[in-house]
Number of protein chains: 2
Amino acid sequence: MKSEEIARLAGVSRSTVSRVINNYPNVPEKTRERVMKVIREYNYEPNQSARVLAGKKTNTIGLFLFTIYDINSPYRIYNNGYFSPFVDSFVDIGNSMGDYMLVHTIYKPEECWRIRQTFLQKRIDGGIIISTDKSSELESIFRDVSHPIVIMDYDPSVIEKTMGPEARIAVVDLNDEKGINEAVDYLVSLGHRRIGMIAGRQTSYSGLRRRECFVRRLEHHGLPVDDRYMIKGDFTWEAVVPEIEKLIYSQQLPTAMIASNDLMAMAAIETFKRHSIRVPEDISIIGHDDIPTAAIYKPALTTVRIPFFDVAKKSMDMLSELIENDTPRFTVYKADVGLEVRESCSRI
Amino acid sequence: MKSEEIARLAGVSRSTVSRVINNYPNVPEKTRERVMKVIREYNYEPNQSARVLAGKKTNTIGLFLFTIYDINSPYRIYNNGYFSPFVDSFVDIGNSMGDYMLVHTIYKPEECWRIRQTFLQKRIDGGIIISTDKSSELESIFRDVSHPIVIMDYDPSVIEKTMGPEARIAVVDLNDEKGINEAVDYLVSLGHRRIGMIAGRQTSYSGLRRRECFVRRLEHHGLPVDDRYMIKGDFTWEAVVPEIEKLIYSQQLPTAMIASNDLMAMAAIETFKRHSIRVPEDISIIGHDDIPTAAIYKPALTTVRIPFFDVAKKSMDMLSELIENDTPRFTVYKADVGLEVRESCSRI
DNA sequence: CTGAAAGCGCTTACAG
DNA sequence: CTGAAAGCGCTTACAG
């Protein structure tokens with residue numbers, strides 16, 4: 001079934017059918033009705049490719065996720081409580097806006113060409129990129145591609161520097177400073193003075209920055225930044241366990257630790273438990289992100305909450321904005337985060 | 001940049017450029033090289049819409065998820081440990097096969113027209129449908145749409161009856177009988193005789209069938225099927241809590257229970273714990289699915305394991321098969337499941 | 001082995 | 001308000 005047949009059956013031209021489909025005003029109600037009747041009767045849907053080729057939008061949004069796991073790891077991307085709420089939210093929001101969502105997983109920077117390809121093939125109107133690590137491959141996309149992009153977890157200043165003159169990019173940033181400050185302040189208010197950190201990968205924007213904020217806040221309170229308590233993690237469970245074990249063997253424990261994500265917080269808690277160090281009785285732990293399991297976990301995790309849905313909504317709104325306006329521009333949005341107090345910390 | 005310009009720059013016709021792009025054999029290596037060089041130099045990617053309009057495949061697969069949650073529920077689809085490993089796997093597998101994945105969430109049967117629309121607009125070559133409840137809307141799609149579809153969690157016999165003569169449908173089914181039998185047998189081997197079930201929604205294929213298998217297996221062992229121990233759940237956490245509380249107040253507890261999914265198993269465990277009934281000391285619990293959190297949970301959940309990745313892989317293979325062969329056909333694949341023994345059951 | 005030409009199914013100035 | 005016609009950027013018989 002194509003528009004030509006609809007036209008014939010309704011006794012009009014293809015032009016008129018097209019006007020009806022696109023809801024143009026210049027067609028009388030009676031004609032519109034007649035055409036719609038035929039369209040409904042035959043379950044007609046216009047061919048997407050023909051429409052796009054003739055100049056319409058694709059109504060498709062690309063969602064590109066840079067996973068932190070190896071493709072062979074059994075812990076894959078969406079299992080990661082950080083990504084799945086985002087995928088969830090983005091798909092829902094896109095669908096409810098009438099858009100189709102193309103979801104793509106990127107395992108290595110070298111696969112970035114996939115993003116460019118998707119744009120150049122004109123499969124999507126715009127893209128959401130959830131990245132973690134700084135990569136030159138990604139930055140080359142900011143330079144080349146003039147299509148609307150919203151990016152999360154990337155240093156805004158780097159983007160502003162790298163992006164080409166045609167770029168239409170928005171950055172969604174988290175107010176990490178506020179989140180980390182609240183976490184540190186809370187521990188201080190509970191009497192803690194020996195506070196450590198389980199940091200995220202330092203090649204990532206958020207991993208690096210959360211660590212900086214942490215150090216600054218300790219100094220603000222006049223507390224020592226003890227290198228022995230600064231654990232190098234990489235956002236995954238596996239990397240944390242041996243580091244925490246080393247810490248335990250050193251016999252020098254802090255009284256509290258802040259992790260750069262919840263998974264690492266839980267990995268630490270499990271490791272402490274296995275060595276009969278109780279949380280929160282013996283050591284207090286704060287996570288980051290508030291992934292869905294954080295609340296179910298025992299002890300329920302005190303953590304810095306990311307409002308996943310709101311962040312996704314804001315991102316999609318910004319993307320729509322960029323899609324509608326075809327003038328190059330650059331915007332940064334800083335999303336609010338806040339400490340969610342549960343059971344994993346105690347007064348000293 | 002379009003093929004015409006590439007042709008001009010390479011000194012050939014658009015036909016030849018097309019032959020190179022599509023990797024047709026009838027073009028000499030030298031010409032191919034020359035064209036490829038220009039293509040690479042200009043980062044040329046053929047326009048997807050033009051290709052499809054001219055008769056090529058879309059290389060896009062639709063993934064349609066029927067969620068069990070209300071769109072307003074804070075527990076949304078991917079948070080549900082059942083869906084997210086599937087989304088994960090499907091996206092990965094599709095991407096690695098060179099396909100694009102269009103992910104769509106369906107909250108109500110009335111939204112089924114979205115699936116039909118996606119097919120009729122020729123956005124996808126085929127679709128994966130992960131359903132839960134029987135719905136006439138979905139069945140009307142099996143009747144109308146002649147596009148390749150793989151469907152999970154749906155009664156194969158119903159599909160075979162409803163599908164139209166042109167349908168190219170494959171069903172991926174789980175060997176629920178084996179899973180439930182192993183669970184019951186395991187509890188019996190631990191000495192349990194008063195075994196209850198926390199059933200899934202009885203409007204869903206798997207909810208209904210797991211219950212049937214459970215009843216049959218109890219009878220096989222000559223054990224009583226006690227209505228007081230048959231809890232009505234609906235696969236969600238919220239519905240289980242009050243039912244378990246009713247059971248607790250009745251003062252008549254079974255010594256073991258099998259839940260139709262892990263979430264309900266955990267909801268039951270949490271509720272028992274709150275009433276100082278210990279798992280597994282006082283009551284043994286078995287879940288179903290082996291969602292990612294099942295292993296981290298305390299007590300680590302003994303559960304019937306669904307091999308998510310393998311099931312997804314098999315589904316995608318069957319879908320590719322259906323896409324390649326355009327003769328109508330119907331296939332059923334029964335995926336293997338098995339009991340994963342952990343800590344949530346004990347000898348009586 | 002290669003190119004000219006038709007065609008895929010729409011949309012959109014343009015003319016009336 | 002409406003239709004004829006050009007055009008979007010490819011692919012694919014077809015002819016040579």
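- Put simply, A:Ser18 has a side-chain N or O that comes within less than 4.0 Å of OP1 or OP2 on C:dT11.
- One finds no side-chain N or O of B:Asn26 lying less than 4.0 angstrom from the OP1 or OP2 phosphate oxygen of C:dT2.
- Along DNA chain C, the nucleotide nearest to A:Lys2 and the one nearest to A:Gly55 differ in position, and the one closer to the 5' end is contacted by A:Lys2.
- Backbone-only contact: B:Asn47 has heavy atoms under 4.0 Å from sugar-phosphate atoms and none from a base.
- Straight-line distance from the CZ atom of A:Arg51 to the C1' atom of C:dC8: 16 Å, rounded to whole Å.
- Side chains of B:Arg123 and A:Thr60: a donor on one and an acceptor on the other come within 3.5 Å.
- Put simply, CZ on B:Arg8 is 17 Å from C1' on C:dG3, counting in whole angstrom units.
- Ring centers of A:Tyr154 and A:Phe66: at least 6.0 Å apart, outside the cut-off.
- A:Thr16 has no side-chain polar atom (N or O) that falls below the 4.0 Å cut-off from OP1 or OP2 of D:dC1.
- Counting to the nearest Å, the P atom of D:dC10 and the NZ atom of A:Lys122 are 9 Å from each other.
- What separates NZ of A:Lys57 from C1' of C:dT11 is a distance of 16 Å, to the nearest Å.
- Within the 4.0 angstrom heavy-atom criterion, base atoms lie near B:Ser15.
- The interatomic distance linking B:Glu45 (CD) with D:dG9 (P) rounds to 16 Å, in whole Å.
- When the side-chain nitrogen and oxygen atoms of B:Tyr24 are compared with OP1 and OP2 of D:dT12, one or more of them lie within a distance under 4.0 Å.
- Cation-pi geometry between B:Arg114 and A:Tyr100 is met: the NZ or CZ atom falls under 6.0 Å from the ring centre, inside 45° of the normal.
- Side chains of A:Asp317 and A:Tyr333: a donor-acceptor N/O pair is absent below 3.5 angstrom, by distance only.
- Checking the phosphate oxygens (OP1, OP2) of C:dT12, a side-chain nitrogen or oxygen of A:Lys56 falls inside 4.0 Å.
- Regarding contacts with the backbone of C:dG9, every side-chain N or O of A:Tyr44 stays at 4.0 angstrom or more from both OP1 and OP2.
- Backbone-only engagement by B:Thr31 is indicated by non-hydrogen atom pairs under 4.0 Å involving sugar-phosphate atoms exclusively.
- D:dT2 is paired with C:dA15 under the Watson-Crick or G-U wobble criterion, all donor-acceptor distances under 3.5 Å.
- C:dC1 atom C1' lies 14 Å from atom CD of B:Glu29, rounded to whole Å.
- Using cut-offs of 30° and 60° on the angle between ring planes, the pair A:Phe119 and A:Phe64 is tilted.
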